[in-house]
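First up is the structure itself, then whatever we jot down about it.
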Amino acid sequence: MLRVYNTLSGSKDLFEPMVPGKVRMYVCGVTVYDYCHIGHARSALVFDVLRRYLEYSGFAVEFAKNFTDVDDKIIKRANEQGVSCERVTTTYIQAYYEDMEKLGVRRATLEPRATEHIADIVALVDTLLGKGMAYRVEGDVYFQVDRYPVYGRLSKRKMDDLQAGARVDVDERKRHPMDFALWKGSKPGEPSWDSPWGPGRPGWHIECSAMAMRHLGETFDIHGGGMDLIFPHHENEIAQSCGATGKEFARYWVHNGFVQINQEKMSKSLGNFFTIREIFDKSEWPETVTGEMLRYFLLSTHYRSPLDFSDQSVAEAKNALNGFYDLFERLKESAPAQGAVDQQMREANTRARQAFIAAMDDDLNTPNAVAALQKLRGEANKALDAGLSAEMRHVVREEFRSLGAVLGLLQPDRWQFKSQGSQESHGASGAPAKRLSDEEIAGKIAARLVAKQSRNYKLADQLRAELSSHGIIIEDRPDGTSRWKR
RNA sequence: GGCGCCGUACCCAAGUGGCUAAGGGAGCAGUCUGCAAAACUGCGAUGCGGCGGUUCGAACCCGCCCGGCGCCUCCA
């Protein structure tokens, strides 16, 4: 049984969906005015894994992740570039899809956009006005926080504290400093939609409430996002949603920690961020490998802890993954029908699966889940030394495949160790020194084999050195043949 | 000023009251190998930022201190 840390309750709660067997979750996606950075990647990945694990656990998951496609920053970007807002948003939505695909982040089942839900938003604002929880000021509409008495229950803040700490000049037209815009009257040239309050556009928070309710119902199971969204974004979503419906909004609030650079928060404003595509472009590895390295790295820390991004950490992830893929190669090699330690291996498999599930059940403890896989890797290697049947080798591979899939890792055929096509996926930075074709590699390996057989080790070593200079590593098998990898 | 988080070996990182403090990476030594690589075996924190306290017992609870960070403003 899964337990998740619920920001609302402040504790790890047993997860039970409203409707047995069905989970409805909403995650705040991105504002599409720029490329995604590694922090966006972490957030997307955390909820991708949560979704995968819920599905693995047998739930049907309805997963909505929005695009915020109307916003001050989008307007600003459009003006800077002299293009329409639509042009900006379609560009970065496309980029988002490309980046996420490289990371193996599955698409949500629903991907609503704010601009497609203006009618829902207007209706919601209207409801709040009708209930006296919002008020109009010229062409704007504000939510009145003191009409929602438990305001602050998510972020555990008191209204008095918030006022004391206010660092921003308060709009004099607001009745309370914490009141926030539900609807903004548009200035000329800005995107706008008709409304009972004149032409305007939605405030930031209202879109998520409207879209979540439209697609998942007034009350749903999980709402997620980065920790920085707890206040004010999610706090305001709760206020306006619960204010409008009188019902609970989301039952479990899940928030991921930040990616840091040198112990500091990575953010646009600090300028210390790395975009996802930048990382892929700079990587010396094929795209599938880079994607998995990043994924492994991002999942090797618990999702609520801060995570320091560095080249070294990502390189360590590569080394750790190598061990798995080396094992998968060994598991593919021919084997007898009977294995000396098949039974022990079967038991090790079961233990690993149980440990993996226990780790994931404990608030998505992916570091422990990975540790369970690492332990199984060691046991499988030992079993191979002792003698494992062809059938058990297959079983073990499938075990890695099914558990790995929960994390989006370790699909045994993903890394091409041998003679698969050498598609060019290398970065833009610097043309890679002439890359050997598979035919050339195979030729040199064959030549080396001949040299070895005639005990001409000098030539054999020379051939290996040549390959090595191209980043090709040869591993001799016990039967005299060789396999290679980049 | 308010609210909150973190500090575990060379690096990353679990563990949050009780078996020998997981796991990975790096390193060193050994087995195997023509040599390598891979794999396997062994080594590595008498200690979990510091000092007190609670307890039969604490990395885990409490207090203080040191160091670092986050939110309170757009932000994953």
Side-chain angles (χ1 to χ4, degrees), chain A residues 10 27-31 33-34 36-47 71-73 76 152 155-158 160-169 178 204 224-233 235 255-260 262-270 273 296-297 300-302 304-308 310 312-327 329-330 355 359 362 365-378 380-382 384-386 452 455-458 460-461 464-465 468 473-478 482-485:
Chain A
V27 170
C28 287
V30 291
T31 301
Y33 72 102
D34 204 348
C36 289
H37 55 60
I38 187 74
H40 296 111
R42 184 181 195 195
S43 186
L45 204 50
V46 164
F47 294 103
D71 172 86
D72 290 346
K73 293 187 291 291
K76 186 169 171 239
S155 56
K156 321 278 186 253
R157 279 168 231 264
K158 296 183 181 66
D160 298 344
D161 298 340
L162 288 166
Q163 288 180 66
R167 279 192 268 148
V168 177
D169 292 335
M178 299 318 296
W204 175 35
M227 284 198 160
D228 50 351
L229 298 181
I230 294 171
F231 191 91
H233 184 53
E235 195 70 73
H255 295 98
N256 67 276
F258 290 121
V259 176
Q260 310 183 326
N262 296 326
Q263 315 296 320
E264 274 191 327
K265 176 181 173 178
M266 180 172 79
S267 71
K268 295 268 168 73
S269 41
L270 289 172
F273 63 92
Y296 188 98
F297 161 69
S300 64
T301 296
H302 185 83
R304 286 192 282 118
S305 301
L307 170 61
D308 217 69
S310 70
Q312 190 198 334
S313 297
V314 179
E316 283 185 8
K318 171 68 166 64
N319 288 339
L321 284 164
N322 276 343
F324 286 106
Y325 284 93
D326 283 332
L327 168 64
E329 283 304 308
R330 290 188 75 191
D362 182 18
N365 194 328
T366 53
N368 266 342
V370 169
L373 294 172
Q374 287 284 6
K375 200 168 172 193
L376 183 62
R377 177 175 73 93
N381 270 315
K382 266 174 264 188
L384 282 166
D385 289 345
K452 274 177 66 179
R455 309 193 71 82
N456 185 351
Y457 294 121
K458 195 177 170 195
D461 289 349
R464 177 165 52 204
S468 172
I473 295 164
I474 296 179
E475 296 177 11
D476 292 344
R477 295 197 187 91
S482 307
R483 63 171 176 240
W484 62 269
K485 62 184 178 186

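Because the structure is predicted, anything quoted here is derived from the model rather than measured. Per chain, numbering begins at 1; letters A, B, ... match sequence-line order.
- Going from the P atom of C56(B) to that of G68(B) covers 38 Å, rounded to whole Å.
- In this structure, Val259(A) reaches the bases: a heavy-atom distance under 4.0 Å links it to at least one base atom across the strands shown.
- In RNA chain B, stems built from 3 or more consecutive Watson-Crick or G-U wobble pairs, each with both distances under 3.5 Å, span B:1-7 with B:66-72, B:10-12 with B:23-25, B:27-31 with B:39-43, B:49-53 with B:61-65.
- A donor-acceptor contact under 3.5 Å is formed by the side chain of Glu316(A) with the base of G24(B).
- For Lys73(A), the side-chain atoms get nearest to C74(B) when compared with the rest of C74(B), C35(B), A76(B).
- Across all strands, Phe258(A) comes closer than 4.0 Å to base atoms (heavy-atom distances).
- Counting atom types as modelled, Arg42(A) pairs no side-chain N or O with a base atom of A76(B) as donor and acceptor under 3.5 Å.
- Within the nucleic acid shown, Asp461(A) comes within 4.0 Å of at least one base atom, counting heavy atoms only.
- Looking at heavy-atom distances under 4.0 Å, Asp308(A) makes no contact with the nucleic acid at all.
- Between A58(B) and G67(B), the distance separating the two P atoms is 28 Å to the nearest Å.
- In this structure, Asn368(A) reaches the bases: a heavy-atom distance under 4.0 Å links it to at least one base atom across the strands shown.
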Restricting to nitrogen or oxygen on both sides, can you table the protein-nucleotides 7-9 of chain B pairs closer than 3.5 Å?
none

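- Environment of NZ in Lys375(A): sparse, with no more than 12 heavy atoms of neighbouring residues, nucleotides or ligands closer than 6.0 Å.
- When the nearest nucleotides of RNA chain B are assigned to Asn365(A) and Ala371(A) by heavy-atom distance, the more 5′-ward of the two goes with Asn365(A).
- Using a 4.0 Å heavy-atom criterion, one finds that Asn256(A) contacts the bases of the nucleic acid, with or without backbone contacts as well.
- Across all strands, Ile474(A) comes closer than 4.0 Å to base atoms (heavy-atom distances).
- From Ile230(A), atom CD1 reaches atom NE2 of His255(A) across 4.5 Å, with rounding to the nearest 0.5 Å.
- Atom name C1', nucleotides A21(B) and C74(B): the rounded distance is 43 Å, in whole Å.
- When distances run from any side-chain atom of Phe231(A) to the nucleotides C71(B), A38(B), A76(B), the shortest one goes to C71(B).
- Contact annotation: Thr301(A) reaches the phosphate of A13(B) (side-chain N/O to OP1 or OP2, under 4.0 Å).
- Using a 4.0 Å heavy-atom cutoff across all strands shown, Gly39(A) reaches at least one base atom of the nucleic acid.
- A donor N or O paired with an acceptor N or O is found under 3.5 Å between the base of C35(B) and the side-chain atoms of Arg464(A).
- Contact annotation for His37(A): base contact, defined as any heavy-atom pair under 4.0 Å involving a base atom.
- One C1' atom belongs to G27(B), the other to A45(B), and the distance between them is 16 Å to the nearest Å.
- Residue contacts for Gly378(A): at a heavy-atom cut-off of 4.0 Å it reaches the sugar-phosphate backbone alone, with no base atom in range.
- Under a 4.0 Å N-O distance rule, the pair Lys382(A)/Asp385(A) does not qualify as a salt bridge.
- Picking from G24(B), A36(B), A37(B) the nucleotide with the shortest atom distance to the side chain of Glu475(A) gives A37(B).
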